[in-house]
Amino acid sequence: MRMTNLYMPTLREVPSEAEIPSHQLLMRAGMIRKLVSGVYSYLPLGHRVLKKVEQIVREEMDASGSQEVLMSAIQPAELWQETSRWEDFGPEMFRLKDRSERQFCLGPTHEEIFTDLIRYEVNSYKQLPMNLYQIQTKYRDEKRPRFGLIRSREFLMKDAYSFDQDEAGMLNSYQEMWDAYDRIFTRLGMKYRVVEGDAGAMGNGDSHEFTAMCEVGESNVAYCDACDFAATDEKAETIVPIPQQDAEEKALEKVDTPDVGTIEDLEKFFGFSADRFMKTLLYIAKDRVVAACIPGHREINETKLLNALGIAEHDMEMADAETVKRVTNAEVGFAGPIGLDKDVEVLVDSRVLKMKNFVIGANETDKHYINANYGRDFEGRVIDDLLTVRVGDACPKCGAPLVMDRGIEVGNIFQLGTKYSKPLNATYLDQNGKEQLIWMGSYGVGVSRSVAAVIEQNHDEFGIVWPAVVAPFHVVVTPINVKNDDQRELAEKLYEDLKNAGVEVVLDDRKERPGVKFKDAELIGFPIRVAVGRGAAENKVEYVLRRDVKNKEEIAAEEVVARVKEELRAQGLNL
RNA sequence: CGGGGUGUAGCGCAGUUUGGUAGCGCAUCUGGUUUGGGACCAGAGGGCCGCGGGUUCAAAUCCUGCCACCCCGACCA
């Protein structure tokens, strides 16, 4: 490709809307443009990268035995109503109606649609196991699209669904997908971790997330250096030590605590540390109010609370001040489990049961109880764990202190069990002629998100540093001065030679000064640059790797093709 | 959805306080010089100043309603 024919509008300045490196660089390198919030167009360079990531995913899925299909993005409401996810999925679903008012959505995921595809025609155990996948555009009306391709409302995803006879089969399929994902992200050159995840709206079995580690990531993962434990902060089980407690239960007593509403205030007021208090957090969950009681020195984990309540995220929010006043008869800051409005369900983190003689809100402005004790003074539904993990917490597996890091969730795998086959009645006849539910799994890779993740892990002050396997082109040939016949002719020759050798090469034939060409080449991130300049008359050119741009090597023109092929092979390309 | 902010040329911004010819840098076009790290000179094109109402002789500027976009918080591939 000649650069004069390539639509790659690069920008010198950073668009003000772009906050993180991948978004800024994708915009500046002329790879994407925003259409509306959370919706992007892919220009030629960006499209080539997207296709390459897609192809790596496709190859590894095919290698795993999964079969590619293509489903519509438009899905009828009826299928979603069968699993009751039409309501459960909530406002994130893009919904639309046809001319006769029939309801549809733009698919945010395809469990229902794939299950429907196989439910009438997979009838026998002989047809199982089966695994189908597609690489297709997904739609989610995110509350807050952000960070360019990382959180967009339209995105390219590979989604796969496995169908098995029983749990053992499902676990086997799950492992196969895990292995395939390891191969995919390894080929993409990613630094990633596989972490236990919370299944959320997808299912209720185990799930794992493949997280590309980087500073701007939106997921927090907790992991252990001493063993293989790793989980998202939503999922990670917390081990929370409760300090030595009083031996005897003391008498409950109401005390004045003027203007002492927060845990910090309480610590100052009583001179106790935060672990001597119990917080009572009020939430509105599907039109009712719930109270979550947790040790005062820890933070709640709303995902765990949602799971305990069995509701979806969009059905719960922190209670507003008005609601707090109504159920506690007090200003915000004095909520406690004693004397709360009787319709409020009280959930208690199990660690509270180990605490003795602690301080709680009295549901009366400027009053707290001291010496409160669970069981004697109040009760509630005890939940094992409602807390958010912290750096330094004991690893639930081995007890070593946990470490936390950020990352981008680029893939996930879910054990679905019969969550979808049951409501959709996807069954088969086993060897005994008995009808059985199909056991399912679902498996996602964020293809467009992976493009952004690769950039987050591979860039420098000058631009993108593409791994060759996903680079839009492998090589840029840069004649320094296109008016110089020697340079122009040698550059043209190298361009042809490289093309003939199967290398994806761009000839920067623009009438620009060298600085402009170098800046653009580094911004776009071609893995290899061959500059044809003053050495052209002697058949000498400059050979530079993007990942080591300061290191310039002068080589003979005859060596170029061999050197390029050698480098690209070393980076995992078949040439 | 709550809080904050911004909408002026393709990109980055000034101008709005105090109403009076719509500007600057980059990019683009023409001509010339230049050619190893985002050149220089001369000239040129490009604007529903987010949209609708209102006030005024006069609105980018004041009032008002709406919309879009961005950031922070809670959710996901």
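Just so it is clear: chains get the letters A, B, ... in the order the sequence lines come, proteins before strands, and each one is counted from 1.
- U35(B): no Watson-Crick or G-U partner with both key distances under 3.5 Å is found in any strand.
- The side-chain tip of Arg547(A) does not point at the ring of Trp466(A) from less than 6.0 angstrom away and within 45° of straight on.
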- Summary of protein contacts for nucleotides 29-37 of chain B, nucleotide by nucleotide, where a base hit scores B, a sugar-phosphate-only hit scores S (4.0 Å, heavy atoms): -----BBBB
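- Residue Thr238(A) is tested with Asn301(A), Asp233(A), Asp385(A) for a side-chain hydrogen bond (donor to acceptor under 3.5 Å, both in side chains); the sole match is Asp385(A).
- Of the residues listed (Gln487(A), Arg513(A), Glu542(A)), the one engaging Ile480(A) in a side chain to side chain contact (heavy atoms under 4.5 Å, CB included) is Gln487(A), and it is the only one.
- In the interface, the side chain of Asp520(A) is paired with the base of G38(B) through a donor and an acceptor atom under 3.5 Å apart.
- For the C1' atoms, the distance from C51(B) to C41(B) is 43 Å, rounded to whole Å.
- Using N1 to N3 plus N6-O4 or O6-N4 for Watson-Crick, or N1-O2 and O6-N3 for G-U wobble, each under 3.5 Å, C29(B) pairs with G43(B).
- For the C1' atoms, the distance from G25(B) to C75(B) is 41 Å, rounded to whole Å.
- The stretch residues 31-60 of chain A comes close to RNA chain B through Lys34(A), Val36(A), Ser37(A), each having a heavy atom under 4.0 Å from the strand.
- Of the possible donor and acceptor atoms, one in the side chain of Thr232(A) sits under 3.5 Å from a partner among the backbone N and O of Lys235(A).
- Taking 4.0 Å as the cut-off between side-chain N and carboxylate O, Asp485(A) and Arg488(A) count as a salt-bridged pair.
- Side chain Lys143(A) to base A74(B): a donor-acceptor pair is found below 3.5 Å.
- Nucleotide C69(B) is matched to G5(B) when pairs are restricted to Watson-Crick or G-U wobble geometry with both distances under 3.5 angstrom.
- A donor N or O paired with an acceptor N or O is found under 3.5 Å between the base of C75(B) and the side-chain atoms of Arg151(A).
- Under the Watson-Crick or G-U wobble criterion, with both distances below 3.5 Å, C24(B) is paired with G12(B).
- Nucleotide A77(B) holds its P atom 12 Å from the CZ atom of Phe185(A), rounded to whole Å.
- Remark: C1' of C76(B) and OH of Tyr139(A) are 17 Å apart, rounded to the nearest angstrom.
- C62(B) is paired with G54(B) under the Watson-Crick or G-U wobble criterion, all donor-acceptor distances under 3.5 Å.
- Ring geometry, Phe89(A) versus Trp80(A): the interplanar angle exceeds 60°, so the pair is classed perpendicular (tilted spans 30 to 60°).
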Which atom pairs link the protein and nucleotides 4-14 of chain B when you take only N or O atoms and keep those under 3.5 Å?
from   : atom 1 : to       : atom 2 : distance (Å)
G12(B) : OP1    : Ser16(A) : N      : 2.7
G12(B) : OP1    : Ser16(A) : OG     : 3.3
G12(B) : O2'    : Glu13(A) : OE2    : 3.2

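- Remark on RNA chain B: of its neighbouring residues Arg144(A) and Ser152(A), the 5'-side contact belongs to Arg144(A), judged by nearest-heavy-atom nucleotide.
- Considering CD of Glu492(A) and CG of Asp509(A), their distance stands at 7.0 Å, rounded to 0.5 Å.
- The same atom, C1', is picked in C48(B) and in A44(B); the two are 24 Å apart, to the nearest Å.
- Checked against the 6.0 Å centroid criterion, the rings of Tyr7(A) and His47(A) do not qualify as a close aromatic pair.
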